[in-house]
Q: 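Input: one structure, supplied below.
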Number of protein chains: 2
Amino acid sequence: MTDKKEKILSAALELFANDGFNATSTSKIAQKAGVSEGLIFRHFDNKKGLLNAIMGEAESRLMELFTPMMQEENPKKIIEMYIEMPFSVDESQRSFWKLQFMLKWQEEYYNPDKLKPFLDKIAIAFKELGFKKPELEAKHLEQVIESLSISILREGKEGKEAFKEFLLEKYNV
Amino acid sequence: MTDKKEKILSAALELFANDGFNATSTSKIAQKAGVSEGLIFRHFDNKKGLLNAIMGEAESRLMELFTPMMQEENPKKIIEMYIEMPFSVDESQRSFWKLQFMLKWQEEYYNPDKLKPFLDKIAIAFKELGFKKPELEAKHLEQVIESLSISILREGKEGKEAFKEFLLEKYNV
DNA sequence: TATATTTGTAAGTGATTACTCACTATTTGG
DNA sequence: CCAAATAGTGAGTAATCACTTACAAATATA
């Protein structure tokens, strides 16, 4: 991967996440990346291909986030790590996850199967803790964490700690 | 409001909700509405003004949705009505609410204050039911209902009933 | 009925779009 | 060290964009 190709990718990521895919022109991307517009099309088939290249990183970044939780055995610790996950996302990856959530509305990029193994892990944890309906309990917590993640991506972490403590207390972890 | 103006509004709503604001051209709107493109600009200042006209209906539609819940006094019934709300949205209003959620990512159209009175009503209900932290409990349920609403708007109501029953049982309403 | 206002159309406008092409600079492999 | 491949540029391209203008049809008001 050449230096300028990386510059194109990161410029595109920021602009897509801030302004949206369609509102971002290839000329703006080239300008922000400090390259000629033509170079974008030497490295990527078209504008959509540039987006696909960015979105293609989703799986590895998901793994990065979830690996610690997947390796944990203690069910209470698993729930705790999941609740703290939205707060553990690095500032430098904010644009990436924002774009991820924005594009969920386009069915092309909406793939709930990717999260399935993590949801299963949480369901097992709930089962071990004696919850009556562990799968629904996992789905329930997933929805809370998703909403919380979105609001953190939109407004920042400030003032959300109280809610995190509330959740940890509610699940007694 | 003339007939063709209404046609423009509903054509724009559907296209904005399906393809996004920037991906929808005024010529496509005119084509779908069966009018000349120029008529759009006689009735609205510009394309953004057309979107604003659609978004301007948000308050009255929110009232429509929440009024029954706001008039209820029984706290258990209040929680129940809130949980059932995502399932009570008419099919004909799906595009409208989808657009509402999509545009939450654009700060211009993100206004959490509008939901404040409804959140307060739920917090009061939780307080009456003896919950320790009624405000956080209300925020918690709000996040679940928001995630649930989004998934229903994206995938439909099918297969979500079990989760609704799970929630009603969890809150004993 | 006469006139003024509103509703509507069709054919434009310049600007911007995603993308291509001809060309040069740089890097790589035998 | 030379040739082939790759990286990079800048000036194009046709198509599409949001929007305007000149004019006609319909409607309201007097």
Side-chain angles (χ1 to χ4, degrees), chain A residues 1-58 95-96 98-100 102-103 105-109, chain B residues 1-58 95-96 98-100 102-103 105-109:
Chain A
M1 172 98 64
T2 119
D3 190 62
K4 297 207 171 184
K5 185 172 178 183
E6 279 186 67
K7 285 246 170 81
I8 290 170
L9 279 167
S10 76
L13 170 56
E14 266 196 51
L15 289 169
F16 288 163
N18 273 336
D19 309 333
F21 176 74
N22 284 293
T24 301
S25 66
T26 50
S27 73
K28 263 192 266 175
I29 295 168
Q31 194 183 344
K32 174 150 193 161
V35 302
S36 66
E37 197 177 347
L39 190 58
I40 292 173
F41 298 94
R42 174 147 330 262
H43 286 304
F44 308 95
D45 285 348
N46 45 43
K47 190 183 160 190
K48 191 73 173 293
L50 174 52
L51 177 61
N52 289 337
I54 292 169
M55 298 301 285
E57 279 196 45
S95 288
F96 178 81
K98 191 177 165 188
L99 184 62
Q100 215 65 30
M102 284 169 67
L103 289 181
W105 287 105
Q106 260 133 320
E107 53 209 274
E108 184 180 353
Y109 295 104
Chain B
M1 172 99 64
T2 107
D3 190 61
K4 297 206 170 184
K5 186 172 178 183
E6 279 187 68
K7 286 246 169 83
I8 290 171
L9 280 166
S10 76
L13 171 56
E14 268 195 49
L15 289 169
F16 288 163
N18 273 336
D19 310 333
F21 176 74
N22 284 295
T24 300
S25 65
T26 50
S27 72
K28 263 193 266 175
I29 294 169
Q31 196 182 344
K32 176 151 191 160
V35 302
S36 66
E37 196 178 349
L39 190 58
I40 292 172
F41 298 94
R42 175 146 329 260
H43 285 304
F44 308 94
D45 286 347
N46 46 42
K47 190 183 159 190
K48 192 72 174 296
L50 174 51
L51 177 61
N52 289 337
I54 291 169
M55 297 300 286
E57 279 196 44
S95 288
F96 178 81
K98 191 177 164 187
L99 184 62
Q100 221 59 31
M102 285 168 65
L103 290 181
W105 287 105
Q106 261 132 320
E107 55 208 273
E108 184 180 352
Y109 295 105

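Within every chain, numbering begins at 1; the chains are lettered A, B, ... in the order of the sequence lines, protein sequences first and strands thereafter. Atoms considered below: every heavy atom in the structure, side chains included; atoms not considered: hydrogens, waters and symmetry mates. These numbers come from a predicted model, not from an experiment.
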Q: When rounded to the nearest 0.5 angstrom, what distance separates CD1 in Ile29(A) from CZ in Phe44(A)?
A: 9.5 Å
Q: With the sugar-phosphate defined as primed atoms, P, OP1 and OP2, and the base as all remaining atoms, what B/S/- string results for nucleotides 6-11 of chain C, 5' to 3', for protein heavy atoms under 4.0 Å?
A: -BBB--
Q: For Ser27(A), enumerate each residue passing the side-chain contact (heavy atoms from CB on, under 4.5 Å) test, keeping only those at least two apart in sequence or located in another chain.
A: Ser25(A), Glu37(A)
Q: Write out all pairs satisfying side chain to side chain donor-acceptor pair (under 3.5 Å) with one or both partners inside residues 38-48 of chain A, taking only residues at least two apart or from two chains.
A: Lys48(A)-Glu108(A)
Q: Using the rule side-chain contact (heavy atoms from CB on, under 4.5 Å), only one of Leu99(B), Leu50(B), Leu51(B) pairs with Leu13(B); which is it?
A: Leu99(B)
Q: When rounded to the nearest 0.5 angstrom, what is the spacing between CG in Asn18(B) and CH2 in Trp105(A)?
A: 11.5 Å
Q: Rounded to the nearest 0.5 Å, what separates atom CZ in Phe21(B) from atom CE in Met55(B)?
A: 11.0 Å
Q: Can you tell me how far apart CD1 (Ile8(B)) and OG1 (Thr2(B)) are? Round to the nearest 0.5 Å.
A: 7.5 Å
Q: Using modelled atom types and a 3.5 Å cut-off, is there a donor and acceptor pairing between side-chain atoms of Lys4(B) and backbone atoms of Ser36(B)?
A: no
Q: Atom CG of Asn46(A) to atom P of dT17(C): distance rounded to whole Å?
A: 17 Å
Q: Report the distance from atom CZ of Phe41(A) to atom C1' of dA22(C), rounded to the nearest whole Å.
A: 17 Å
Q: With a cut-off of less than 4.0 Å, is there a side-chain N or O of Ser27(A) near OP1 or OP2 of dT16(C)?
A: no
Q: Mind checking which nucleotides bracket the chain A contacts on DNA chain D, 5' to 3', with an atom under 4.0 Å from a heavy atom?
A: dA7(D) to dG10(D)
Q: Could you pull out the closest heavy-atom pair between Leu103(B) and Tyr109(B), with the gap in Å?
A: O-CB, 3.8 Å
Q: What parts of residues 15-25 of chain A reach DNA chain D, counting only heavy atoms under 4.0 Å away?
A: none
Q: Please list all pairs passing the salt bridge (charged side-chain N to carboxylate O under 4.0 Å, His left out) test where one or both residues lie in residues 5-21 of chain B, with sequence neighbours left out.
A: Asp3(B)-Lys7(B), Glu14(B)-Lys32(B)
